[in-house]
Amino acid sequence: MCYSNKDRLIVRGGKKLKGEIKVQTSKNATLPIMSASLLADGKVYLKDCPDIIDVENMVKILAKLGADIKQIGDDYLIDSSKIMDACLDYELCKTMRSSIFLLGSILARFKSICLTFPGGCKIGKRPIDIHIQAFRRLNVKVTELDDFVFFNATKARAGKIRLKLPSVGATENIVQFASTLKGKTIIYNSAREPEVVDLCNFLNKMGAKIYGAGTKKITIIGVEKLKGVEYKPITDRIVLGTLLVATAICGGIIRLIDGNYDQNKKLIEILSLMGCQINIKNDIITLSRDIPLRSIPKIRTGYYPQFPTDLQSIILVLSCVAKGRTKIDEKIFENRFLIVNELKKMGAKIDLIDNHTAIVNGVDNLKASNLKAFDLRGGASLVLAGLVAQGETIIDNVHYIDRGYCHIEKMLKSLGADIERI
Ligand code: UD1
């Protein structure tokens, strides 16, 4: 890890991308899996974890709790046997929304926890009411104060939960909590994201009895103990999507190793319609683009398997340089068009109708500019805009991008992009 808050990226646009790359492991799978490793009665060995700030922070939070963590290359050996209580580091938790994923495992293990309302991104309100309601259904006592929420699970019992929205985080918390809760817990309207499935696969490898992951109904039969295991979380479908769009935007040809077509179906459909040639062979995805990009009329984000909100700003940038008009509807978060003003500085034509809808009219070229990242995925999108802009683009606040992308400049440079970190 060698990231600093003062880092900036310099991107000189106009280079085609070419090459082969192995996509990093998923941030959104690794974080809850790290949390769930607290449930193991034994050591957990996590392979090939991404070298990103969110993982570094999660490791710090676990270490402050008292876990013994050894880093071996990109692998982590986590031994949480010596943790005695659940005193979280509130300052660290504020920096990272993902600290909310510790709720399920800590509550299962220590029966009580006090959380600050989690921080992390500026993309929306991101309340935790669904988590709270779900725990209350399992007879967990929840007391909400101004800055803190107390959870007490001494009288918890298995039960049936219906989520009002298929929240990824709430599903992951309940799955972790119920894995060792006596009896049968059922989650209706559960999230179906591949990262939820990966967490369930990890827990099942540890000895949990979780059925229906990837569907709208997950059933968990509580077991007494979970054992330590070795596990490699799935590939990051959002980073994979970012690389496909980067090649679509710059032109060229890319081969992605460890790619999963099913998890990226929606994006691949859209890129094909926009003029990219895509070939899938086993776990290798090849994308090339040598004809001009054409826009598609409408892109709408939604819960999996719909188009992911985490790729919304990425596809927005692509639409900015495609011929024609695109309406982009953001259905999940209420503040996910933070990059629009930055893109307008580059000459993009975007009308923000409201916080959920943008109309993009493609232009022939973007021009380089001095830009600021305001959130993780928006930051990566600005890098893509820089890759296609004429001249030298400077991007500040790179630490947002470093939360989820493993050395983005090295990754793109290896494909021929002209990009450096200073
Ligand atoms: C996870 C992902 C994030 C992704 C999001 C949606 C991780 C670490 N993060 O976030 O990258 O963008 O899924 O795919 O895995 N909501 C409530 N009340 C709640 C919880 C959520 O109203 O208690 C709302 C949110 O404001 C949002 C929607 O439900 O509008 C989906 O949120 P959720 O699925 O919970 O997202 P996260 O788990 O936070």
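Whatever order the structure lists ligands and atoms in, that order sets their numbers, starting from 1. In this text the structure is predicted, and so the values were computed from the model without any measurement.
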Asker: Measure the spacing between CZ of F101 and CD1 of I61 and express it to the nearest 0.5 Å.
Answerer: 12.0 Å
Asker: So for ligand 1, is I130 a polar contact partner (N or O within less than 3.5 Å, distance only)?
Answerer: yes
Asker: If you take all heavy atoms of P233 and K47, which pair is closest and at what distance?
Answerer: CD-O, 3.5 Å
Asker: By number and element, which atoms of ligand 1 are closer than 4.0 Å to a non-hydrogen atom of I128?
Answerer: 19 (C), 23 (O)
Asker: Mind checking whether E195 has a heavy atom under 4.0 Å from ligand 1?
Answerer: no
Asker: Measuring from non-hydrogen atoms of A191 to any atom of ligand 1, is the shortest distance under 4.0 Å?
Answerer: no
Asker: Passes ring pair (Phe, Tyr, Trp, His ring centres under 6.0 Å), Y400 versus F374? Steps please.
Answerer: CA-CA 7 Å; Y400 282 115; F374 294 111; 7.7 Å; no
Asker: Among residues at least two apart in sequence or on other chains, which ones pass side-chain hydrogen bond (donor to acceptor under 3.5 Å, both in side chains) with T301?
Answerer: E330
Asker: Is a side-chain donor or acceptor of R157 paired with a backbone partner of N139 at a separation under 3.5 angstrom?
Answerer: no
Asker: Tell me which part of L165 gets within contact of ligand 1: side chain, backbone, both or neither, using heavy atoms under 4.0 Å.
Answerer: side chain
Asker: Out of curiosity, I10 CD1 to T393 OG1, how far, rounded to the nearest 0.5 Å?
Answerer: 10.0 Å
Asker: Give a yes/no on ligand 1: does E330 have at least one heavy atom closer than 4.0 angstrom to it?
Answerer: no
Asker: Quick one: does R289's side chain have a donor or acceptor within less than 3.5 Å of a partner on C276's backbone?
Answerer: no
Asker: Check whether any N or O atom of V168, backbone or side chain, sits under 3.5 Å from an N or O atom of ligand 1, and answer yes or no.
Answerer: yes
Asker: Once you restrict to heavy atoms under 4.0 Å, what part of R336 touches ligand 1? Side chain, backbone, both or neither.
Answerer: side chain
Asker: Tell me whether the centres of the aromatic rings in F135 and F177 are closer together than 6.0 Å.
Answerer: yes
Asker: Which ligand 1 atoms does G169 reach within 4.0 Å, using its non-hydrogen atoms?
Answerer: 35 (O), 38 (O)
Asker: In this structure, does ligand 1 have an atom that sits under 4.0 Å from one of the heavy atoms of Y304?
Answerer: no
Asker: Drop me the distance from S313's OG to L384's CG, to the nearest 0.5 angstrom.
Answerer: 8.5 Å
Asker: Using a plain distance cutoff, I'd like to know if F333 has any nitrogen or oxygen under 3.5 Å from a nitrogen or oxygen of ligand 1.
Answerer: no
Asker: What about N28: any of its N or O atoms under 3.5 Å from an N or O on ligand 1?
Answerer: yes
Asker: Does K372 have any salt bridge (charged side-chain N to carboxylate O under 4.0 Å, His left out) partners at least two apart in sequence or in another chain, and if so, which?
Answerer: none
Asker: Salt bridge between R377 and D375, side-chain N to carboxylate O under 4.0 Å?
Answerer: no
Asker: Short N/O distance, under 3.5 Å, between S167 and ligand 1?
Answerer: yes
Asker: N/O of I332 under 3.5 Å from N/O of ligand 1, yes or no?
Answerer: yes
Asker: Is D310 touching ligand 1 with its side chain, its backbone, both, or neither, if touching means heavy atoms under 4.0 Å apart?
Answerer: side chain
Asker: Just let me know how T309 lines up against ligand 1, side chain, backbone, both or neither, with a heavy-atom cut-off below 4.0 Å.
Answerer: side chain
Asker: Is there any N or O on D129 that sits under 3.5 Å from an N or O of ligand 1?
Answerer: yes
